[in-house]
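The next block holds one structure in the form of structure tokens; read it before the comments.
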Amino acid sequence: MITILGIESSCDDTSAAVIRNGVALSNVIAGQAVHERYGGVVPELASRAHQQNIIPVVHDSLKQAGITKDQISAVAFTRGPGLLGSLLVGTSFAKGLSTALNIPMIEVNHLQAHVLAHFIKEDENDQNQPEFPFLCLLVSGGNSQIILVKSYNDMEIIGQTIDDAAGEAFDKCAKVMGLGYPGGPVVDRLAKMGNPNKFNFNKPRIDGYDYSFSGLKTSFLYFLRDELKNDSDFIENNKNDLCASLQKTIIEVLMDKLYKASEDLKIKEIAVAGGVSANSALRSAFEEYSQKYGWKIHIPKFAYTTDNAAMVAISGYYKYLDKEFTTPDIAPFARVSI
Ligand code: KG4
């Protein structure tokens, strides 16, 4: 029996989870409301909140899993990428726990963990995992990538954003409309009541499988600036249609490249991961492509779309099987690729 405690603290969610033989026993997440009034994550406040949260969150995750500390086989933690101060809290905690319990520690790449979230089993009979090789669209506040996943530990980024991430496009455009932070979920909610064909925004022309979202953000901004000159209530009067049209454009950009990669590489096993995978229009687009092009799609449970420790624990589980352990002299990485 292999029991992994996972710790995630790369940004503004403190999370701890227990995975036993690949099955999720608990996944506790403490968010940080402190950033809302600043319209974005404040790194120093994030690390302080992690420090406050980490012990109760780990405690709750063990309690919910119904296990005690001495039943943990190894502790897996996010080494990077992320905010350095935030990562330090989880990394230091993992070092302390592994030393105190005399168990191995396992470093996990946050981006790989988002991809491997698809292997978390709800129970022992859960057989819904992707088959290798598969493509994973990783879309979050910091990333927009198409990843060719060859095995648990062998992944290749075949396309990525050259500027803003898809989540950033949602958030920045939402901010311009005064929708608060993070704006992605608000745009998603309002878009359901709007007309996606009301406004047209230019799509980027970028080679290969790479993305670009900064042009869309700028054209959205200029469009609003011009319309507001004629009607100072333009945003208020068109909020739902603006959200629906913006969302449609972002999703089309994401899906066009993913489709191209799928056709070129002849891979029909397609997954999506990261915070933006909670988006209902993106989920519908996946369903539609599955019907139209025979894709076998893998969409994570909502709890595993945003940052969570279950994905860290499952990544740790597969590394444990390969005996890939880390020594306590390591430091976190703020920036690291897959
Ligand atoms: O993976 P994640 O939790 O962490 C970061 O990378 O920060 O992703 C957060 C991002 C934010 O940009 C947020 O606006 C976006 O995911 N997001 C959504 C939705 N839910 C979260 N974007 C669009 N629609 C959603 N339903």
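All of these numbers come straight from a predicted model, not from anything done at the bench. As the structure lists them, so they are numbered: ligands from 1, and atoms in each ligand from 1. Here, residue 1 is the first one in the sequence, and each next residue gets the next number.
In the vicinity of Asp307, heavy-atom distances shorter than 4.0 Å reach the ligand 1 atoms 1 (O), 3 (O), 4 (O). Annotation for ligand 1: atoms under 4.0 Å from non-hydrogen atoms of Ala278 are 20 (N), 26 (N). Those atoms of ligand 1 that come under 4.0 Å of a heavy atom in Pro182, given as number and element, are 14 (O). Under a 4.0 Å criterion applied to the non-hydrogen atoms of Gly142, ligand 1 contributes the atoms 6 (O). Close approach to Gly167 involves these atoms of ligand 1, each under 4.0 Å from a residue heavy atom: 12 (O). Less than 4.0 angstrom separates some heavy atom of Thr306 from each of these atoms of ligand 1: 3 (O).
Salt bridge present: Lys239 and Glu236 bring a charged side-chain N and a carboxylate O closer than 4.0 Å. For the pair Asp60 and Lys63, the salt-bridge criterion is not met [side-chain N within less than 4.0 Å of a carboxylate O].
At distances below 3.5 Å, not a single donor-acceptor pair connects side-chain atoms of Asn128 with backbone N or O atoms of Asp126. For Asp154 (side chain) and Lys150 (main-chain N/O), no donor-acceptor pair under 3.5 Å exists by modelled atom type. Without hydrogens or angle criteria, Ser86 side chain to Cys11 main chain gives a donor-acceptor distance under 3.5 Å.
In summary, the aromatic rings of Phe286 and Tyr259 are positioned with their centroids too far apart to meet the 6.0 Å limit. For Tyr38 and Tyr181, the ring centers are positioned 6.0 Å apart or more.
The shortest N/O to N/O separation between Gly141 and ligand 1 falls below 3.5 Å. By the 3.5 Å distance cut-off applied to N or O atoms, Ser140 is counted among the residues near ligand 1. Residue contacts with ligand 1: Cys11 is placed with no nitrogen or oxygen under 3.5 Å of a nitrogen or oxygen of the ligand (distance criterion only).
Using a 4.0 Å cut-off between heavy atoms, Asp188 contacts ligand 1 through its side chain alone, with no backbone atom that close. Residue Val276 touches ligand 1 through backbone and side chain together, judged by heavy-atom distances below 4.0 Å.
Scanning the protein heavy atoms around atom 13 (C) of ligand 1, the nearest turns out to be Asp171 OD1, 3.8 Å. Regarding atom 17 (N) of ligand 1, its nearest protein heavy-atom neighbour is Gly275 O, 3.6 Å. Nearest protein heavy-atom contact of atom 22 (N) of ligand 1 is Gly184 CA, 3.4 Å.
The hydrophobic cluster containing Phe333, built from Ile/Leu/Val/Met/Phe/Trp/Tyr side-chain heavy atoms closer than 4.5 Å, also comprises Val336.
Side-chain atoms of Phe170 and Asn279, non-hydrogen and from C-beta on, do get closer than 4.5 Å to each other. Under the 4.5 Å side-chain criterion, counting only non-hydrogen atoms from C-beta, Ile330 is in contact with Glu107.
The heavy atom nearest to atom 24 (N) of ligand 1, considering only Leu111, Asn308, Asp13, Asn279, is found in Asn279.
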